[in-house]
Amino acid sequence: MDGIAGKKSALSWVVSGSVVFMVLLWLIPTIGLLVSSFRDRDQISASGWWQAPFSVELTFRGRTETQATLNDGIYTVNGNIFTDEEVREAFGDGTGTITAFGTRGRAPAEYPAGQVADIGDGETLVINADGSYIFTSPEEPGSRGERVYFAAETPPQFTLDNYRNVLTANNMDLAFINTLTVTIPATIIPILIAAFAAYALAWMDFPGRGLLIAGVVGLLVVPLQLALVPMLNLHNTIGVGQSFLGIWMAHTAFGLPLAVYLLRNYMVGLPRDIIESAKVDGATDFEVFTKIVLPLSFPALAAFAIFQFLWTWNDLLVAKVFLPSNDEAKVMTVKIADDLLGSRGGDWGILATAAFVSIAVPLVVFFSMQRFLVRGLLAGSVK
Amino acid sequence: MNPMIQGIITIIVGVGGCIGYFYFSNLILDKVIFPAKGEKAGDNIRRATQVRPWLFLMPAIFALSLYLVYPVIGSFLRSLYNRDGDEFIGLGNYLALLEAEEFRTAFTNNLLWVIVVPAMATAFGLLAAQLTDRLSWGNIAKSLIFMPMAISFVGASLIWKFVYAVDGDIGLINALRMGIFGADPVDVLQIPFWNNFFLMVILVWIQTGFAMVILSAALRGIPEETIEAAVIDGANPLQIFFQIKVPQIMGTIVVVWTTITILVLKVFDIVYTMTGGNFGTEILPSYMMSFMFRDDGRATAVAFVIMLVVLPVMIWNIVQARREMR
């Protein structure tokens with residue numbers, strides 16, 4: 001198909017176009033989360049994340065000044081709304097472009113900016129786009145100034161407030177550390193156990209070997225759900241209970257079938273000559289394993305380590321069952337699923353940030369070690 | 001004790017224990033029980049070689065049988081008892097399940113998931129693998145489509161909450177509906193029946209990358225001659241894809257399909273975080289979790305039903321593995 005001139009370019013345009021479309025479709029949800037996590041809380045609820053680079057129309061309130069000048073029986077207050085303290089809290093020292101204003105909280109954008117509005121009792125108010133206002137009244141204005149509302153275009157605001165909030169106020173820092181605490185031993189320990197077993201299944205001859213391999217393949221698909229009740233009861237009986245020790249043991253065992261299977265598949269493919277000549281030279285199985293097979297199997301070991309890391313880091317089921325449900329022992333997935341989604345369901349900024357904190361580490365691992373991951377996947381399913 | 005310190009100790013004890021076990025058990029086997037010297041040296045070496053595989057396998061076999069083999073039996077036995085575990089009620093729990101409206105919903109929903117998710121993920125994966133195959137920036141595209149694999153189901157659910165949200169300023173779908181059709185916002189997660197599909201989209205989104213990576217490797221493994229021959233015979237790209245390439249990677253497609261099928265039967269996170277099983281979106285794993293900690297008998301019964309659904313795939317896998325080993 002590459003040889004037919006003219007046709008090729010049309011086809012390759014279609015192909016490139018479809019791939020771009022597909023990549024966008026796959027990326028957009030994640031980008032939305034990332035963008036939202038950096039946005040100001042008010043802006044999140046006022047406009048979609050896809051409008052984040054544009055200014056947002058938000059409503060504010062302030063008060064006019066109290067200094068009035070009397071002219072022909074009419075008091076006039078001149079000033080700029082952006083100098084009001086309440087407004088400056090929201091805007092800092094910057095100014096915005098006012099699009100509309102009003103005097104009632106229920107209709108904060110009743111009149112377009114620049115239009116003189118009759119607000120009853122003979123009073124008039126006009127607020128211009130740059131914030132300057134004129135308020136007139138037949139009576140002397142009170143000591144507190146007139147309450148005014150206005151809608152202004154605010155420039156896009158990106159902040160780290162959500163991150164500060166999530167990492168300090170929500171015990172998310174503790175959950176992060178808990179996740180690490182669960183993940184690291186649960187990743188390292190099964191590797192060793194599995195490596196020895198895989199070597200035996202790959203390079204040692206003994207009766208029942210085929211049966212054991214078939215058994216491992218079968219255990220690969222046993223639903224975890226079956227293990228939850230009996231193992232939790234066992235943990236309670238032997239005094240482990242719901243604890244970190246319990247979840248390490250559970251994760252280690254649940255990761256073993258894949259580990260043994262992956263490593264055996266890889267070790268079987270190692271060159272027979274090396275191993276046999278080492279044995280002829282008098283090396284014991286233990287030496288062959290530690291000095292030859294283990295170093296050569298590094299790619300498979302790395303692949304499994306990544307799998308197990310991602311799986312334990314991302315796990316919700318095992319953590320819910322085998323860890324205590326108090327706040328000190330919650331991992332991030334449980335924290336997000338049970339606490340944040342429940343009680344703070346409406347705080348999108350916090351939700352986005354918490355989710356992003358929890359997926360950041362796996363994403364880093366994923367992008368830096370993708371090569372091993374792909375190799376491991378292929379070793380696991382394609383012969 | 002601080003969990004961090006406990007973790008470090010566990011790593012040291014676990015790793016040290018493993019190394020110690022393997023090293024010393026081999027040492028004892030070779031030097032004490034069957035020493036390779038004296039008059040029975042030959043016999044002893046032979047016997048040591050017979051025993052050694054089991055030394056290597058022991059920790060793995062112990063952990064696997066305790067945590068995965070025993071629970072199959074343990075769960076089944078437990079499911080025959082009542083809630084408190086003190087009264088044998090035979091198949092009572094299963095009968096109660098059959099009568100429960102929710103169980104039937106969960107079961108039929110699960111069937112839908114098992115049909116739709118693997119099919120869609122494999123199809124999209126195949127499409128992505130084929131399309132990116134010849135592109136100069138194909139690897140970048142693949143890596144981006146593969147990325148959701150690294151994201152937890154909980155994280156993915158949250159990501160999609162930002163797509164499905166009712167608020168038109170948060171949810172992409174409702175923003176599009178309002179922007180283009182001027183329609184009122186809807187909560188897509190509450191539309192009966194179809195809400196299941198919106199949840200499945202999340203898992204398809206995650207699993208497509210997995211399917212793509214494996215199928216892409218399979219596509220590259222297709223002998224070039226078969227494709228060249230088809231080109232010379234005047235086959236168009238579609239014919240080449242469907243009649244030359246797909247049949248040659250059928251084996252891999254089946255492997256991908258079954259792998260995702262099994263995963264579908266384990267995932268409770270998405271339903272749990274998105275709807276909590278409400279609005280008719282319950283599936284078996286989430287239904288089981290609703291009994292966890294409350295009624296062990298019922299929970300194990302649901303778990304065993306999941307096991308029964310997985311069983312055919314398991315047998316097929318084992319048969320396949322045995323055939324390859326021969």
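Quick caveat: nothing in here was measured; it's all calculated off a predicted structure.
- Between the CG atom in B:L57 and the CE atom in A:M204 there is a gap of 8.0 Å [rounded to 0.5 Å].
- For chain B, the nearby parts of A:V321 are the backbone and the side chain; heavy atoms of each come within less than 4.5 Å.
- When A:V229, A:V334, A:L310, A:T290 are compared by the number of non-hydrogen pairs under 4.5 Å with chain B, A:V229 comes out ahead.
- For the atom pair CG (A:D285) and OG1 (B:T49), the distance works out to 7.5 Å, reported to the nearest 0.5 Å.
- Here the side chain of A:T333 pairs no donor or acceptor atom with the backbone of B:V154 at under 3.5 angstrom.
- Ring pair A:W26/B:F124: centre-to-centre distance below 6.0 Å.
- Of the inter-residue distances, the one linking B:L64 atom CG with A:F254 atom CZ reads 10.5 Å to the nearest 0.5 angstrom.
- Within the 4.5 angstrom heavy-atom criterion, no atom of A:A195 approaches chain B.
- Considering CG of A:L234 and OH of B:Y67, their distance stands at 6.5 Å, rounded to 0.5 Å.
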(request) Give the intermediate values and the outcome of side-chain contact (heavy atoms from CB on, under 4.5 Å) for residues B:Q130 and A:V15. (result) CA-CA 9 Å; B:Q130 168 66 21; A:V15 168; over 6 Å; no
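- With a 4.5 Å cut-off on non-hydrogen atoms, A:M249 touches chain B through its backbone and its side chain both.
- Using a 4.5 Å heavy-atom cut-off against chain A, the contacting residues of residues 155-164 of chain B are B:G155, B:L158, B:I159, B:W160, B:K161, B:F162, B:V163.
- Both the backbone and the side chain of A:V20 come within less than 4.5 Å of a heavy atom of chain B.
- With a 4.5 Å cut-off on non-hydrogen atoms, A:I188 touches chain B through its side chain but not through its backbone.
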(message) A:F367 vs B:M147, test: side-chain contact (heavy atoms from CB on, under 4.5 Å). Steps then yes/no.
(response) CA-CA 8 Å; A:F367 279 115; B:M147 181 200 64; 3.8 Å; yes
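- Using a distance-only test at 3.5 Å, with no hydrogens or angles considered, a donor-acceptor pair links the side chain of A:Q225 to the main chain of B:K266.
- Going from atom CE of B:M314 over to atom CG of A:L220 covers 9.0 Å, rounded to the nearest 0.5 Å.
- Between A:L256 atom CG and B:F62 atom CZ the span is 11.5 Å, to the nearest 0.5 Å.
- Remark: side-chain polar atoms of A:N314 are paired, donor with acceptor, to backbone N or O of B:A150 under 3.5 angstrom.
- Only the side chain of A:Q242 comes within contact range of chain B, with at least one heavy atom under 4.5 Å from a heavy atom of that chain.
- In this structure, the portion of A:S36 lying under 4.5 Å from any heavy atom of chain B is its side chain and not its backbone.
- Each of A:L226, A:T181, A:V182 has some count of heavy-atom pairs under 4.5 Å with chain B, and the biggest count is that of A:L226.
- There is no contact between A:F356 and chain B, counting heavy-atom distances below 4.5 Å.
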